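Note sheet for the following structure.
Side chains included, hydrogens not; waters and symmetry mates left out as well; all remaining heavy atoms used. None of these values were measured; they are calculated from a predicted model.
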Amino acid sequence: MWNKKQRMKAPRSFRFKVIFISIICLVIPATITLFIYNYLTKDTLKNQALANANRELTIANEYVEKLLRDMMYIVNFIQLDAEMNTILKGVDKSKPESDSDYKRYIDESKINRTIENITLVGEKAYVTIILKNGKSYTNYSYYEFDPSNLVTKDWFKQLNKLQGYESAWIASQPTMINSEQRNNPYQISVGRTLRDENLKIYGYVLVTIMENKVNQVFEKLHGSEEMMILDSSNHIISHQEDSKIGDLFQYSDQLVKINSSNIFQISNRNYLIAEHNISFVGWKLVSIIPYKQAVNQINEIFNKVFIVHVLSFTIFLLLMTYLLRTITKPMVYLGTIAEAVKRGNLSIRSRLRSYDEVGRLSESFNHMLDRVNEMIEEIKFTQERKRKAELAMLQAQINPHFLFNVLNSIRMKVLVKGDKDSAEMISSLSKLLRMTIDKNKEIVTFREEVQIISDYINIMNMRQKEKINVEIQVDEVSYSERFPRFILQPIIENSIIHGLNQGAGTIIVKSELAENQWVIKIEDNGLGMDMETLSLLRSRLNQSNGIEQGNHENNKGFSSLGLSNVYERMFITFGRSFQMDIQSSPGVGTKVILTIQKGGNADVQSNAS
């Protein structure tokens, strides 16, 4: 019991204090904010979304019903107008030769004028009157469409089944008017029969509007909802996308009941679907809208929650800032000590004494400074001994410049005696030796790299009985490019030893610097390789990590660097902008292709500088 009380009285750790205070200051306002948010937005979100969807759908329904009522008005007028019906009945019963031309002209003019007058108001509608005797009247020219073709349509047969004043609504069909087909691929029509006193059909009236007049109503509505008209079998009659007209509505199972709305998921996202019946047609208007975008009233609630959140957060932030400043004050003091040490004052020490992590950190900081001072003294002593050893070693070394001067003197004496070949060989050896010893010159110009291989070939030709011919085909632009040294020499060495088998032959070095890339090719007319050997060599290059793998057959001659080492050095220098390819055929020769993208070349120049 006593031990438990002692542990409770013991000082808490610095981490515990910070975590505990942070939790207090963050959990309280978060809990209050969440409670208020849940209280204010309990059912508002869903109700607001449903109300908005139904309101938009009601507005759209009024527009659509107005368009369809205008069509019905035209049909009713033609069927009920006494004068027009008298003329139409007379035309249907009379024979063409029984009427005078003047009377037929007067009757047709009255009918055409009446059709024009009743279609002046509202959206443009196409009216077609077809009599049983084949006579027809339209407000469009026969060039646009021949009305006699209507009787061949499957839906036209439905008109004969109508009774009295019943109407037949024809869902979206391909547009029949030629001038409308390009911009309006579909049309919507309503048809009715014309009957005499004996209820016998003597003609038909058809009113047609373009389907896009309906979907224009959808475009005028604000929001991102997808709105459409469906027929009784849930096939799409009108839609903003013409390609969907005629398709079966894929979310038909979500239409639960008439004039209702419902929330469902598509690809883990909530959508709101609303339905509204068009009263006198048998069709229905449907809209689909993302649930989040259907909410407007939530903005007002969010503002209230935001204000409460800001106030509570501000209060608790001030409280947390005060408490954290009190607790972290020792850390600030340690920071001041660290800044003094950074300026070079290694004699300063921390005077903090506490039992938490800050106190242990202060003690460790003092021990570290003591250890640093000890190590500085040890390093001074070690460096002094090292300088003495280096001085003794330098005194025992031969100056490389002395060696180059001696070789140059030997070359001049050999040249005086007339042995130009030996003098040239000594000159080439001196250049190669100078380039090899110079460790600070890792990047050279391509001209210097070409000179290195020229000197190397000169030396090899002195050693071999049969001479090797080297052709240099380098454009002037490539000569000034920066390039890692001793890259071409190992490739030339492989061509001499393995390709030409240390015999006579030709090695061609090509270089072309285009706008986007730099291509270097080294090819010989030696023995070449079969596909198995070539594939093995390529796989070794792909697996290379800067160390030659497999057989070390290349480790002879002037340089011990192999092709894998060449590839690794180039990749380190140029990165992924460098590519290396080897092509070979038995009896034809081998070609090594180095490709450097222009960006890689810029990189090596910046590295060289």
Side-chain angles (χ1 to χ4, degrees), residues 67-68 70-79 81 83-85 87-160 167-194 201-216 237-238 242-243 245-246:
L67 288 175
L68 301 181
D70 289 343
M71 296 172 65
M72 288 293 297
Y73 167 78
I74 297 173
V75 172
N76 290 335
F77 185 91
I78 294 174
Q79 189 178 36
D81 185 74
E83 183 180 9
M84 179 175 286
N85 273 267
I87 296 174
L88 292 175
K89 291 175 185 178
V91 172
D92 178 64
K93 294 178 180 179
S94 64
K95 297 180 180 180
E97 60 273 10
S98 63
D99 294 334
S100 65
D101 293 338
Y102 178 75
K103 185 178 185 305
R104 287 199 302 270
Y105 171 77
I106 294 298
D107 291 341
E108 290 181 0
S109 297
K110 288 182 179 180
I111 293 175
N112 291 332
R113 187 166 55 254
T114 302
I115 294 175
E116 290 293 337
N117 290 336
I118 62 177
T119 56
L120 287 177
V121 181
E123 297 292 344
K124 184 176 181 180
Y126 295 93
V127 179
T128 305
I129 300 175
I130 303 176
L131 302 180
K132 280 286 190 176
N133 62 2
K135 183 65 177 175
S136 61
Y137 301 92
T138 67
N139 63 341
Y140 54 87
S141 66
Y142 281 24
Y143 171 77
E144 293 280 3
F145 179 71
D146 186 358
S148 62
N149 294 331
L150 289 175
V151 298
T152 62
K153 305 294 183 182
D154 293 338
W155 51 264
F156 192 84
K157 300 175 183 178
Q158 300 176 8
L159 299 180
N160 293 319
S167 301
W169 288 93
I170 297 98
S172 295
Q173 299 290 325
T175 301
M176 64 181 183
I177 306 299
N178 292 331
S179 61
E180 296 279 5
Q181 289 176 353
R182 182 176 181 180
N183 298 324
N184 305 306
Y186 293 97
Q187 66 180 27
I188 296 175
S189 304
V190 59
R192 188 179 289 180
T193 58
L194 299 175
I201 298 175
Y202 69 87
Y204 308 90
V205 59
L206 188 74
V207 178
T208 300
I209 65 170
M210 296 300 106
E211 180 273 334
N212 77 316
K213 299 298 181 182
V214 178
N215 67 53
Q216 283 177 0
I237 297 175
S238 180
D242 294 335
S243 59
I245 294 177

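When all heavy atoms of Ile209 and Ala125 are compared, the closest pair comes out as CG2-CB, 3.9 Å. Asp242 and Pro185 get closest at one heavy-atom pair: OD2-CG, 3.4 Å. Minimum interatomic distance between Met176 and Leu150 (heavy atoms only, all atoms of both residues): SD-CD2, 3.9 Å. Taking each heavy atom of Ala168 and Leu159 in turn, the nearest pair found is CB-CD2, 3.8 Å. Between Ile111 and Met84, the shortest heavy-atom distance links the atoms O-CE, 4.0 Å. Scanning all heavy atoms of the two residues, the minimum distance from Ile245 to Ser172 falls at CG2-CB, 3.7 Å.
Between Phe77 and Thr114, some side-chain heavy-atom pair lies under the 4.5 Å cut-off. Using a 4.5 Å heavy-atom cutoff, the side chains of Leu88 and Leu131 are in contact. Inter-residue side-chain proximity for Ile188 and Leu67 is flagged as unmet; no heavy-atom pair is nearer than 4.5 Å. Two residues are said to be in side-chain contact when any heavy atoms from C-beta on lie closer than 4.5 Å; Ile118 and Asp81 fail this criterion. Side chains of Ile129 and Ile115 form a contact here, defined as non-hydrogen atoms less than 4.5 Å apart.
Lys124 is linked by a salt bridge (charged side-chain N to carboxylate O under 4.0 Å, His left out) to nothing, counting only residues two or more places apart in sequence or in another chain. For Glu144, there are no salt bridge (charged side-chain N to carboxylate O under 4.0 Å, His left out) partners two or more places apart in sequence or in a different chain.
Between Gln173 atom CD and Ile237 atom CD1 the span is 10.0 Å, to the nearest 0.5 Å. Taking OH of Tyr202 as the start and CG of Asn133 as the end, the distance is 11.5 Å to the nearest 0.5 Å. In this structure, Met72 CE and Trp169 CH2 are separated by 6.0 Å, a value rounded to the nearest 0.5 Å. Atom OG of Ser238 and atom NZ of Lys213 lie 12.5 Å apart (nearest 0.5 Å). Expressed to the nearest 0.5 Å, how far CD1 of Ile177 lies from OH of Tyr143 amounts to 12.5 Å.
The 12-atom threshold is exceeded at OH of Tyr142, counting heavy atoms of other residues, nucleotides or ligands nearer than 6.0 Å.
Under the 30°/60° scheme for interplanar angles, the aromatic rings of Phe145 and Tyr140 are found to be tilted.
Glu108 and Asn112 are not linked by any side-chain donor-acceptor pair at a separation below 3.5 angstrom, with hydrogens and angles left out of the test. No side-chain donor-acceptor contact under 3.5 Å links Asp107 and Tyr137. Between the side chains of Thr175 and Gln181, not a single donor N or O lies within less than 3.5 Å of an accepting N or O.
Although no hydrogens or angles enter the test, the distance criterion places no donor-acceptor pair under 3.5 Å between the side chain of Thr128 and the main chain of Thr138.
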Would Leu206 and Ile170 count as a side-chain contact (heavy atoms from CB on, under 4.5 Å) if you check the C-alpha gap in whole Å, the side-chain angles of each, and the deciding distance to 0.1 Å? CA-CA 10 Å; Leu206 188 74; Ile170 297 98; 4.1 Å; yes
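Here side chain to side chain donor-acceptor pair (under 3.5 Å) pairs that include residues 182-193, with residues two or more places apart or in two chains, are Asn76-Arg192, Gln79-Arg192, Ser167-Arg192, Glu180-Asn184, Asn184-Asn212, Ser189-Thr208, Thr193-Arg195.
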